[in-house]
Structure formats: C-alpha cells, structure tokens
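Note sheet for the following structure.
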Amino acid sequence: MNVDVNIKEKIIVIVGPTAVGKTALSLALAKKYQGEIINGDSVQVFRGLDIGSAKATSDEQAGIPHHLIDIRNPDETYNVYDFKQKVDQLIKEISARGKCPIIVGGTGLYIQSVLYDYKFPTTTGDSVLRDKLGEQSPFDLHRQLADLDPASAEKIHPNNVKRVIRALEICLTTGEKCSNQSSATEQIAKYNATVIGLSMAREQLYERINSRVHLMLAQGLEAEVRTLYQAGFGQAQSMQAIGYKEWLPYFEGACSLVDVIEQIQKHSRRFAKRQFTWFQNKMAVNWFEIDPAKPTMQFDTISETVQLFLGKAQ
RNA sequence: GCUAGAGCGACGAAGUGGGAGAGUCGUGGCAGACUGUAAAUCUGUUCCCGUUGGGUGAGUAGGUUCGAAUCCUACCUCUGGCA
C-alpha cells in the first residue's frame with residue numbers, strides 16, 4: 001500500500017518523562033512557530049486537576065491556543081480512543097488554518113495511537129460484562145482467553161487481569177480476536193511528524209521530581225485534592241492519577257503527610273521510568289538531553305531542528 | 001569499665017541455632033511488556049563470573065569438626081541494663 005506523502009500533515013510531537021520540562025518547551029515553540037498545542041496527557045484533560053497534573057497556568061497559556069485541556073469533569077472518563085479521534089480532527093483543523101499542531105504529552109499509548117494510526121476494536125467498554133468477569137479468578141479468566149484467543153492469551157500475563165478482561169470483552173462482544181484486531185494495524189506513520197524527546201540524567205530527574213512534589217504542595221496541592229475528595233470524586237478515574245490517589249488514606253487518617261509525599265515521589269519516579277521505556281522502545285524519537293541547571297539551554301538547538309523540519313518542502 | 005543480647009546480601013524485618021541459602025517477606029534500584037481506565041495494569045531482575053552453568057558467602061581473624069551462620073577463642077561494631 002502506498003501512502004501519498006504529499007497529503008501528510010506536519011506535526012510536532014514533544015515527549016519525555018514527567019518533570020523534564022515539556023510544557024516550557026511547548027510554550028516556547030508555539031510562540032515562535034505560530035503553533036497550537038494539543039495536550040497528549042491523560043490527566044490534564046480533567047478540570048480541577050491543575051497543580052498535581054502540572055498544567056500550564058492560564059497566564060502561561062495566554063495567547064497560545066491549547067486543546068484537550070479541561071475538557072472533562074473529574075467524574076467523567078477519558079481514554080485512548082477519545083483522544084485519537086479528537087486529535088485526528090484537531091490536526092486537520094489546525095493545519096487547515098495554516099498553523100502547526102504541537103502534541104505535548106507523556107502518555108505513550110496516546111501518542112503512539114496517533115503517530116501510527118491505531119485501529120481500535122469496535123467494542124466500547126462494557127462495565128456490566130467487566131464486573132461479571134471480574135468476579136472470576138485470574139486463572140479461570142486466562143483459561144477462557146486461551147480458548148477464545150490463544151495468541152492473546154500467550155501475550156498477556158495471567159496476573160494482568162485488566163488486560164485479560166479487555167481481551168475477553170473483545171472476543172465475547174465482537175466475536176473477533178483481540179490479537180487479530182491489533183495486528184491489523186501496520187506501523188505506518190500517519191503524519192509527517194518530528195518527535196522531540198526531552199531526557200535528563202536519571203539521578204537529576206529524580207531530584208527534580210522529588211523537589212517538584214514539594215513545590216506542588218506549596219502551591220496548594222492538598223487543598224486541590226481535598227476539594228475533589230469532598231466533592232465525592234474519590235473513586236473516579238481522574239483520581240487514580242499520581243499526586244491524587246495518594247491522599248485518600250491521609251484524608252481517612254490512615255497515614256501521615258510525610259507518607260503521602262514519599263508515595264507521590266516514588267510513584268512519579270517509577271512513572272518516569274516507564275515513560276522512558278515506552279519512548280525509547282516503541283517510537284523513533286529525536287532525543288535532547290536537558291541540563292537541569294540550564295533547562296532552556298537546549299531550546300535553541302531544538303528550535304533549529306524544528307525550523308529545518310517546518311521549512312522542508314512537503 | 002562491667003554485663004546481657006545482637007551483627008549476612010542495596011536497605012529493613014522475620015526466622016534458623018552442627019548436614020547451610022546467596023532461602024523467605026517487605027522496601028528501594030534496574031530492566032521489560034503495553035491497541036477503549038495507560039499517571040492504569042502487569043512481568044523479570046537486584047554478591048561475583050565465562051550464566052541451561054560455576055564461584056565466593058552469615059561482623060573480622062583464628063580454632064574444633066568429615067561438615068560451622070550455628071560450638072570455642074580473640075577482636076571490632078551496635079543496642080539495652082549496671083556503674
């Protein structure tokens with residue numbers, strides 16, 4: 001199959017682990033190149049989750065169009081499918097305006113789904129079926145999957161109940177096999193994208209993460225989470241985010257504030273590691289190492305790369 | 001100074017008290033997987049080396065023994081008690 005290169009829209013993608021400085025770079029590039037920012041992050045979509053998700057402040061956003069931020073209430077859901085649909089549409093619109101779409105985010109799956117044009121199984125989440133399946137033992141679930149879709153069963157570890165259930169859900173509601181549907185997607189780049197990755201020496205990144213948690217606290221993180229908690233959103237999807245879920249035991253008197261801080265730091269460090277794993281292994285990234293002492297020093301180099309990319313004839 | 005107890009693996013804990021185990025639990029680190037919750041969920045690994053195997057190993061140095069984490073001696077460190 002030949003995809004006509006000429007019709008591919010140009011997009012800039014900024015990826016990297018949490019706390020590395022993606023937001024700052026996105027703002028700088030958007031200003032310089034008349035870009036519009038598309039949030040590629042699974043938490044910043046929720047209203048009211050501002051400090052803990054490290055959203056750009058409204059001052060920072062001023063004058064630069066931002067998309068897919070604050071588009072959900074804290075008790076609503078959001079997923080890759082929603083994201084990809086909206087992004088495809090947004091890229092079309094923004095490009096038609098003669099602007100450059102800049103996708104910024106740390107959610108590997110989301111970014112991947114856009115870059116490689118994932119085709120998702122048609123079945124939407126069926127919570128009744130999921131609950132019913134959830135009552136069974138992991139072993140039984142996995143055995144069922146082995147009957148219906150051996151390829152998936154082999155790929156998914158029996159302990160990974162969420163993914164076993166999702167695979168079963170696809171088999172049971174569509175009659176298709178999860179493994180067939182996902183492999184139907186070829187690794188074909190849908191857009192003419194330059195993927196800029198920001199990295200940092202592990203130790204320094206971890207220090208930055210640790211101190212950023214204290215910064216968030218100073219900015220009023222506890223009050224932000226308490227408001228959401230008191231509004232009854234404790235069990236919502238949005239509250240599973242790092243920086244939020246860790247407060248629940250504290251509000252219930254089961255742990256100390258120090259415990260909360262340490263948990264948030266730990267979860268953030270692990271998350272950063274998982275982000276590295278994804279971006280390094282799943283997609284072609286143009287990496288730039290950030291020096292935490294001079295975080296904007298690389299921006300000029302990156303900017304040149306971007307200019308070259310944008311200037312190139314299609 | 002005297003006395004009682006305790007010292008192992010990146011860290012913490014429990015347990016064992018002549019036939020051992022680089023064993024158990026937890027934490028941290030490292031690595032990995034990922035197609036509708038993905039900041040989710042899950043997996044592997046973590047003394048050394050030539051890694052389907054081999055080596056060293058229970059504070060340190062000796063001793064007893066066919067065999068020692070275990071018993072003995074000395075020393076070091078920590079904790080409690082007494083001065």
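So that the names make sense, note that chain A is the first sequence line, chain B the second, and so on, each numbered from 1.
- Taking side-chain N and O atoms only, A/R269 has a distance below 4.0 Å to OP1 or OP2 of B/rG29.
- With sequence neighbours left out, the ring-ring contact (aromatic ring centres under 6.0 Å, His included) criterion links A/Y244 to no other residue.
- Of the residues in residues 225-244 of chain A, those lying under 4.0 Å from RNA chain B by heavy-atom distance are A/Q237, A/Q240, A/A241, A/I242.
- The side chain of A/D41 sits closest to B/rA39 out of B/rA39, B/rG36, B/rA38.
- Using atom C1' as the reference point in both B/rG15 and B/rG50, the two lie 36 Å apart (nearest Å).
- Within a 6.0 Å sphere centred on CD of A/E289, other residues, nucleotides and ligands contribute more than 12 heavy atoms.
- Distance check on atom C1': B/rU35 versus B/rC25 gives 36 Å, rounded to whole Å.
- A/S53 comes within contact range of at least one nucleobase, with a heavy-atom separation under 4.0 Å.
- The side chain of A/K273 has B/rA31 as its nearest neighbour among B/rA31, B/rA39, B/rU35.
- Here the separation of B/rA6 from B/rA13, taken at their P atoms, is 15 Å to the nearest Å.
- Comparing B/rU37, B/rC34, B/rA39 against the side chain of A/K155 picks out B/rC34 as the nearest.
- A 4.5 Å side-chain heavy-atom check between A/C100 and A/Y33 finds every atom pair outside the cut-off.
- For the side chain to side chain contact (heavy atoms under 4.5 Å, CB included) test with A/I37, the passing option among A/L68, A/I64, A/I12, A/L29 is A/I64; the others fail.
- For the residue pair A/K22 and A/V15, the shortest heavy atom distance occurs at CD-C, 3.6 Å.
- The CZ atom of A/F139 sits 18 Å away from the C1' atom of B/rC42 (whole-angstrom rounding).
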Original post:
When you look at A/H67 and A/I94, which way does the side chain to side chain contact (heavy atoms under 4.5 Å, CB included) test go after all the steps?
Top reply: CA-CA 10 Å; A/H67 305 276; A/I94 296 168; 3.8 Å; yes

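- If you take atom P in B/rG7 and the same atom in B/rG12, they sit 13 Å apart, rounded to whole Å.
- Among the heavy atoms of the strands, none lies under 4.0 Å from A/F83.
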**OP:** Before giving the answer on side chain to side chain contact (heavy atoms under 4.5 Å, CB included), spell out for A/F279 and A/S199 the whole-Å C-alpha distance, their side-chain angles and the decisive distance to 0.1 Å.
**Re:** CA-CA 10 Å; A/F279 296 129; A/S199 70; over 6 Å; no

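- Shown for residues 196-217 of chain A: residues whose heavy atoms fall under 4.0 angstrom of RNA chain B, namely A/R202, A/Y206.
- For A/N281, counting side-chain heavy atoms from C-beta on, the closest listed nucleotide (B/rG36, B/rA38, B/rG32) is B/rG32.
- Among the protein residues, A/V80 comes within range of the sugar-phosphate backbone only, with heavy atoms under 4.0 Å from sugar or phosphate atoms but none that close to a base.
- For A/Q265 (side chain) and A/N210 (main-chain N/O), a donor-acceptor pair under 3.5 Å exists by modelled atom type.
- Salt-bridge annotation for A/D147 and A/R143: absent, with no side-chain N of the basic residue lying under 4.0 Å from a carboxylate O of the acidic one.
- B/rA58 sits 14 Å from B/rG21 when the P atoms are compared, rounded to a whole Å.
- One finds a side-chain N or O of A/T277 lying less than 4.0 angstrom from the OP1 or OP2 phosphate oxygen of B/rG32.
- Spacing between B/rA68 and B/rU46 at atom C1', rounded to whole Å, works out to 28 Å.
- A/Y78 and A/S42 make their closest contact through CD2-O, 4.3 Å (heavy atoms, listed as atom of the first residue, atom of the second, distance).
- Using a 4.0 Å heavy-atom cutoff across all strands shown, A/S113 reaches no nucleic acid atom at all.
- The separation of B/rU70 from B/rG62, taken at their P atoms, amounts to 14 Å, rounded to a whole angstrom.
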Please write out the pairs of protein N or O atoms and N or O atoms of nucleotides 43-45 of chain B separated by less than 3.5 Å, giving the distance to one decimal.
| from | atom 1 | to | atom 2 | distance (Å) |
| --- | --- | --- | --- | --- |
| B/rU43 | OP1 | A/N159 | ND2 | 2.5 |

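- Legend: residues meeting ring-ring contact (aromatic ring centres under 6.0 Å, His included) with A/Y250, ordered by chain and number and at least two apart, are A/W247.
- Stacking between A/F120 and the base of B/rG36 is absent under the criterion of ring centres within 5.5 Å and planes under 30 degrees.
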Subject >> Secondary structure of RNA chain B in dot-bracket form (Watson-Crick or G-U wobble, distances below 3.5 Å, | marking inter-strand pairs) >> reply: (((((((..((((.....[....))))((((((.......))))))(((...)))...(((((..]....)))))))))))).

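- Both A/G106 and A/Q263 sit near RNA chain B, but only A/Q263 has its closest nucleotide nearer the 5' end.
- Here the separation of B/rC47 from B/rA40, taken at their C1' atoms, is 35 Å to the nearest Å.
- Place A/F276 and A/K162 on RNA chain B by their nearest nucleotides, and A/F276 ends up nearer the 5' end.
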